[in-house]
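Every chain is numbered from 1 and lettered A, B, ... according to where its sequence line falls, protein lines coming before strand lines. Note that this is a predicted model, so its numbers are computed, not measured.
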There are 2 protein chains.
Amino acid sequence: MREYFDKELTQLNDSLIEMGGLVEQAIKNTMKMIVDGEDLLDIAREHENRINEAEKSIQSRCLHLLLHQAPVAHDLRYVSAALKMITDLERIGDQAVDIAEVSVYIKDKKQVFNLTHILEMADNASKMVTEAIDAFVKSDIEVAKKVARQDDIVDELFNRSKNETVELIHKNKELGSEALDIVMIAKYLERIADHAVNVAEWVAFSITGSCDLSD
Amino acid sequence: MREYFDKELTQLNDSLIEMGGLVEQAIKNTMKMIVDGEDLLDIAREHENRINEAEKSIQSRCLHLLLHQAPVAHDLRYVSAALKMITDLERIGDQAVDIAEVSVYIKDKKQVFNLTHILEMADNASKMVTEAIDAFVKSDIEVAKKVARQDDIVDELFNRSKNETVELIHKNKELGSEALDIVMIAKYLERIADHAVNVAEWVAFSITGSCDLSD
């Protein structure tokens, strides 16, 4: 019985790593759209569909484990945490498509803007997702705490991005519409980082029984 | 057998109307936050949870119907459409919380801004959701087409809201941060309207077998 359960948990971990990989790909794809100006909207939607499918499949797996194996204590927290964190991963997938859709509008004017902060945000947010899942698979609370700390960096970059946008529009209103599109992309990235923190909180829950990540 | 199926469909309709009502309430709640400056974030999150629960419950109902009744032709399209549109309704619930979270930041400065377009957008988006569900329940393609047409109004209001924000920041950069928050609320409302159009397209699919809503 335990052997079967452990095998199921290994498969659950593998599926989560795979779903996390898809989410990373989705973020990278949208950044490619922004940097290279390529129209990869269809690929973005394909990523979203695959992430949604992964969520459904992992959800079934978790529900099956809960109903048929009736796990207790740590095992129960582990499966419940997996069930909750996939909702956050799915929302990240949604937000990647939101970014892809907005990025189409800035395609022709992207040379005019300084996208350093946006790319840094994307890079951090993407790492946070990977690390949060890694923390779950390895049951490592320290890695989960690191993810929570990284969120401050993303928030700071978001504020800088907002301030730069305000300065830019204040000086040159002709670029206003695209500048607003860029700040929306920044907002979506800030939300992606928030979802990564939620995942990290579920990691804490699976280990300690509380979502608290403070030191 | 048919009697049982019809009874199930009636219950499905009732659940969808209820879920639509929840979505409307969620939008109204966020507008109350913006207009009155009340902190209703907990209520917003409660709405989101109830919408998520409604989605899960309707999904189970649809899957049960598909698996155990194996409907064909119009019945199959009807149940499949319900299964798809609840994803859009759930996303609207997410976006209502997104709005609620942003609206906290503008609380103290809302008197400074002209929120007419935001409120008009919210009013239109909310109506579009109600009408799209109404179109589904009554299998009325004309109402579904009306929803699609209303989206142009919301898009136009969004563009005006963006332009006003650009003007405002251009003149007074001190208000920039809150002005960007307001344009983000407008963006979320524009997305809510898009999801209402998606629901209307699923209505078209349930009636004609195609998502096309053009005249």
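Crowding of B/Tyr105 atom OH: a count of heavy atoms from other residues, nucleotides or ligands under 6.0 Å not exceeding 12. Within a 6.0 Å radius of CD in B/Gln59, more than 12 heavy atoms belonging to other residues, nucleotides or ligands are found. Few gaps surround CD on B/Glu164; more than 12 heavy atoms of other groups in view lie less than 6.0 Å from it. Heavy-atom contacts from other residues, nucleotides or ligands closer than 6.0 Å to NZ of A/Lys84 number 12 or fewer.
Residues B/Lys162 and A/Asp181 come closest through the heavy atom pair NZ-OD1, 3.0 Å. Here the shortest heavy-atom pairing between B/Lys187 and A/Met184 reads CD-SD, 3.4 Å.
B/Asn163 does not touch chain A: none of its heavy atoms, backbone or side chain, sits under 4.5 Å away. When heavy atoms are compared at a cutoff of 4.5 Å, B/Ile169 approaches chain A by way of both its backbone and its side chain.
For the atom pair NE2 (A/His170) and CD (B/Glu174), the distance works out to 8.0 Å, reported to the nearest 0.5 Å. In this structure, A/Asp98 CG and B/Tyr188 OH are separated by 8.0 Å, a value rounded to the nearest 0.5 Å.
The pair A/Arg191-B/Asp94 fails the salt-bridge criterion, with no side-chain N (NZ, NE, NH1 or NH2) lying under 4.0 Å from an Asp/Glu carboxylate O.
The side-chain heavy atoms of B/Lys171 and A/Lys173, taken from C-beta on, include no pair separated by under 4.5 Å.
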